[in-house]
2 protein chains.
Amino acid sequence: MSDERVEAAMERIRANGGRATVDRRAVLEALVRNADHATAEELAELVRAELPDCNLATVYRTLELLERLGIAFHVHLGHGPSQWHLAEAVHHHLVCDECGAVVEVGDHVFDPLRRRILADTGFVLDPHHFSLSGRCARCVAVSPSSTSGSGPARR
Amino acid sequence: MSDERVEAAMERIRANGGRATVDRRAVLEALVRNADHATAEELAELVRAELPDCNLATVYRTLELLERLGIAFHVHLGHGPSQWHLAEAVHHHLVCDECGAVVEVGDHVFDPLRRRILADTGFVLDPHHFSLSGRCARCVAVSPSSTSGSGPARR
DNA sequence: GTAATTGCAAAGCTTTTGCAATTTA
DNA sequence: TAAATTGCAAAAGCTTTGCAATTAC
């Protein structure tokens, strides 16, 4: 179950003066195992499969550390808790306001926008922390132009 | 202080079976007065200038109503509370992870991306609810490639 | 041994909600 | 008057934090 990505990350933690603890390794493994996005709570659940006593606060603290080191990132997908994923999985999220579906798109789709924004404003778009909303193909097909619909999928 | 946009919105509320109350008008006026984005708390503050007893819960409920009617929208700009603005001011926010600066860009900048995503996935990007992050021109100039920097502007 | 990390419990902050009192139409 | 809206206070949901106990180095 140990992954070279996990080892590399532990290495970076240590290189940064941090300590290589069991809990941190477990959080990393949970992130690797759950290739997609997961909430802190979900990750804690995964971690507890191996480390029954792992505390949610520790998961939060570890995620914060991993983000500081550029190993993991979080995104706010509409409402609800943040979603976490490994930095390597660079993709972006289109969240449907109506049904809550999440469509992922590769980073390269943003290249023209990135260039345009850089040229216009000097702003460098972060390749990780995107989250766009709108309406997914299915909801558009069902009711092409509803403004309110049954309301966005909140909470 | 009364604005034709306020009147039009009150009209829509009434047309939708809602009631034209003092509080709702006050929230609308606060949104108009504060052309840019503001949090619910900030709007409540503005409202209280005229309506000292206006309750925060009422502001939240009014904003929810306005959003349902397509009159106002909220965005999650990184961390902290949601930011609200009138629907007419269609613009998007680039939030600097390092210093927290917010750079606004017009909606048209997204047109090519919008077309591309529609073609690829059928997803219709919402013109309002965007929020992108990255690093602003100033921060990039200061330290062209810091990963951690002094850390993103949290909370 | 010492400094970093963890667990626990409590608090913080934003937002929502139940219900009685008030206001609008 | 009837139905919608408000105020209040409490709760909910996510996240952070203080501090004593534990663990890594």
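Values below: every heavy atom of this structure, side chains too, minus hydrogens, waters and symmetry copies. Since this is a predicted model, take the numbers as computed values, not measurements. Within every chain, numbering begins at 1; the chains are lettered A, B, ... in the order of the sequence lines, protein sequences first and strands thereafter.
- OP1 or OP2 of D:dT15 lies within a sub-4.0 Å distance of a side-chain N or O belonging to A:Tyr60.
- Annotation: side-chain hydrogen bond (donor to acceptor under 3.5 Å, both in side chains) contacts of B:Glu104 (sequence neighbours excluded): B:His37.
- With rounding to the nearest 0.5 Å, the separation of CG in B:Leu66 from CG in B:Leu28 is 5.0 Å.
- Closest-nucleotide positions on DNA chain C for B:Ala20 and B:Pro81 were compared, and the one nearer the 5' end corresponds to B:Pro81.
- To the nearest angstrom, P of D:dT16 lies 6 Å from CD of A:Glu64.
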Would you tabulate the pairs of protein nitrogen or oxygen atoms and nucleotide nitrogen or oxygen atoms of nucleotides 5-8 of chain C closer than 3.5 angstrom?
| residue | atom | partner | partner atom | Å |
| --- | --- | --- | --- | --- |
| C:dT5 | OP1 | A:Arg19 | N | 2.9 |
| C:dT5 | OP1 | A:Arg24 | NH1 | 2.6 |
| C:dT5 | OP1 | A:Arg24 | NH2 | 3.2 |
| C:dT5 | O5' | A:Arg24 | NH2 | 3.3 |
| C:dT6 | OP1 | A:Thr21 | OG1 | 2.8 |
| C:dG7 | OP1 | A:Asp23 | OD2 | 3.4 |
| C:dG7 | OP1 | A:Asp53 | O | 3.3 |
| C:dG7 | OP2 | A:Asn55 | N | 3.2 |
| C:dG7 | OP2 | A:Thr58 | OG1 | 2.4 |
| C:dG7 | N7 | A:Arg61 | NH2 | 2.9 |
| C:dG7 | O6 | A:Arg61 | NH2 | 3.3 |

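- Remark: B:Glu11 engages no residue in a side-chain hydrogen bond (donor to acceptor under 3.5 Å, both in side chains) (not counting sequence neighbours).
- Ring orientation note: the planes of A:His76 and B:His79 are nearly perpendicular, at an angle over 60° on the 30°/60° scale.
- Taking both residues in full, the closest heavy atoms of B:Arg135 and B:Cys96 are given as CA-SG, 3.8 Å, listed atom of the first, atom of the second, then distance.
- Using a 4.0 Å heavy-atom cutoff across all strands shown, A:Thr39 reaches no nucleic acid atom at all.
- A:Arg115 pairs by the salt bridge (Lys or Arg N to Asp or Glu O under 4.0 Å) definition with nothing, not counting sequence neighbours.
- The nearest whole Å value for the distance from the NE2 atom in A:His79 to the P atom in C:dC13 is 22 Å.
- One can place CG of B:Leu43 at 11 Å from P of C:dT15, the figure rounded to the nearest angstrom.
- In this entry the distance linking CZ of A:Arg68 with P of D:dT16 reads 11 Å, nearest Å.
- Comparing the end axes of the helix from C:dG1-D:dC25 to C:dA25-D:dT1, each fitted to five base pairs by superposing C1' atoms of four pairs onto the next four, gives an inter-axis angle of 30° (nearest 10 degrees).
- Under the side-chain hydrogen bond (donor to acceptor under 3.5 Å, both in side chains) criterion, A:Asp120 pairs with A:Arg116, sequence neighbours left out.
- At a threshold of 4.0 Å, the pair B:Glu64-B:Arg61 does not count as salt-bridged, since none of the basic side-chain nitrogens sits closer than that to a carboxylate oxygen.
- Contact annotation: B:Arg14 reaches the phosphate of C:dA25 (side-chain N/O to OP1 or OP2, under 4.0 Å).
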